[in-house]
Protein chains: 2
Amino acid sequence: MDEIDRKLIGLLQEDATRSYASLGKEVGLSGGAAHERVRKLRERGVIRRTTIEVDPAAIGRDVVAYVLVDGSTWMGDAADRLAAIPAVEEAHVIAGPASLLLKVRTAGTRQVQEVLRQVFEVEGVTSTQTVVVLETFFERPSDPQVESRS
Amino acid sequence: MDEIDRKLIGLLQEDATRSYASLGKEVGLSGGAAHERVRKLRERGVIRRTTIEVDPAAIGRDVVAYVLVDGSTWMGDAADRLAAIPAVEEAHVIAGPASLLLKVRTAGTRQVQEVLRQVFEVEGVTSTQTVVVLETFFERPSDPQVESRS
DNA sequence: CGTGAAACGCGCTTCGC
DNA sequence: GCGAAGCGCGTTTCACG
């Protein structure tokens, strides 16, 4: 994981269809060497997979909401139960004002209610608090470049 | 945007390196036809780009935190100022207990402080409240399949 | 560990239907 | 939208530094 690896990751995040030849040129390596670097990054699991980025609105996901979930004595399969709700894109255990934080994406505010109903069906949930997103400034992948200092 | 398009999107989300031939086979189309479908999805902006999914821990992003930001009279460039902080991966305007919600990913809890300091430097910010993630159950892309009902 | 060139193989692309 | 045929291009390999 040196500077070159991080650059390769950054470039592939922008466009994973680039040829290894052009990739190599950009980082000052030959095509073959760039290929080998990327192969190892995949092998080590640093690069998990190649995927596409989809416009949420185009597939009927117009509104984003965050749901704070409170509850006690989670059944062991709470994570699975939440994963079974397609609109729930993230689920985190948090330290703070609630137990769980969910990121939810639905076609409209109406459908948020349906999701909340499904969340309440998960064993152990006692209450929820929903934060609706009015506007998203940006959503972007992790920057592979290290932040020096502090 | 019919059922086949949604299937193609789902398959490409799982693995964008698949050949159009195998893609076509899976959805019951020829390779050429699948190619044409995907080309149009890209052209229409439904598919924004091909990218890689990276293991955050491998690039020094071990902790996730959500930051509720309060403030008034945002300078117009608040979004840009926040975007200039690499650790901030998402920024949303919300309805509810605060004005903004940020998703932050850093190397450690120590570095969260540094990010908060930078957030306070953004014109208009008066206070922040940070929620630290203890465990992430899952983070996944939007499901392209439509939810029927309600 | 990287280089550079050469050969291979595969998938894309186009075509008539 | 299909299926086959041709071709282009990137990958992969190799001897070498």
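What you are looking at is a predicted structure, and each value in this text was computed from that prediction instead of being measured. Just so it is clear: chains get the letters A, B, ... in the order the sequence lines come, proteins before strands, and each one is counted from 1.
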Under 4.0 Å, heavy atoms only, any strand: does [X] hit a base, just the sugar-phosphate, or nothing?
X: A/Arg39; value: nothing
X: B/Gly24; value: nothing
X: B/Arg18; value: nothing

Among [options], find the nucleotide with the atom closest to the side chain of [X].
X: A/Lys40; options: C/dC1, C/dC12, C/dT3; answer: C/dC1
X: B/Ala33; options: D/dG1, C/dC12, C/dT3; answer: D/dG1
X: A/Ser30; options: C/dG4, C/dC1, D/dC2; answer: C/dG4

Length of the [atom1]-[atom2] vector between [X] and [N], whole Å:
X: B/Leu8; N: D/dG1; atom1: CG; atom2: P; answer: 10 Å
X: A/His35; N: C/dG9; atom1: NE2; atom2: P; answer: 16 Å
X: B/Leu23; N: C/dC10; atom1: CG; atom2: P; answer: 19 Å
X: A/Leu29; N: D/dT11; atom1: CG; atom2: C1'; answer: 16 Å
X: A/Glu36; N: D/dT11; atom1: CD; atom2: P; answer: 13 Å
X: A/Arg37; N: C/dC1; atom1: CZ; atom2: P; answer: 9 Å
X: A/Lys25; N: D/dG10; atom1: NZ; atom2: C1'; answer: 14 Å
X: B/Tyr20; N: C/dC12; atom1: OH; atom2: C1'; answer: 9 Å

Verify salt bridge (charged side-chain N to carboxylate O under 4.0 Å, His left out) between B/Glu89 and B/Lys103, making sure each step is shown before the conclusion. CA-CA 6 Å; B/Glu89 296 189 357; B/Lys103 183 180 187 176; 5.0 Å; no
Can you check whether B/Asp70's main-chain N or O pairs, donor with acceptor, with B/Gln129's side chain at less than 3.5 Å?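 A pair under 3.5 Å: no.
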Test applied, salt bridge (charged side-chain N to carboxylate O under 4.0 Å, His left out); reference residue, B/Glu147; option that passes from A/Arg110, A/Arg105, A/Arg61: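 Only match with B/Glu147 under salt bridge (charged side-chain N to carboxylate O under 4.0 Å, His left out): A/Arg61.
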Which pair of heavy atoms, one from B/Ile52 and one from A/Thr50, lies closest together, and at what distance?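 Minimum heavy-atom separation between B/Ile52 and A/Thr50: CG2-OG1, 4.1 Å.
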side-chain contact (heavy atoms from CB on, under 4.5 Å) for A/Leu100 and A/Leu82? Distances and angles first, verdict last. CA-CA 11 Å; A/Leu100 260 38; A/Leu82 291 169; 3.9 Å; yes
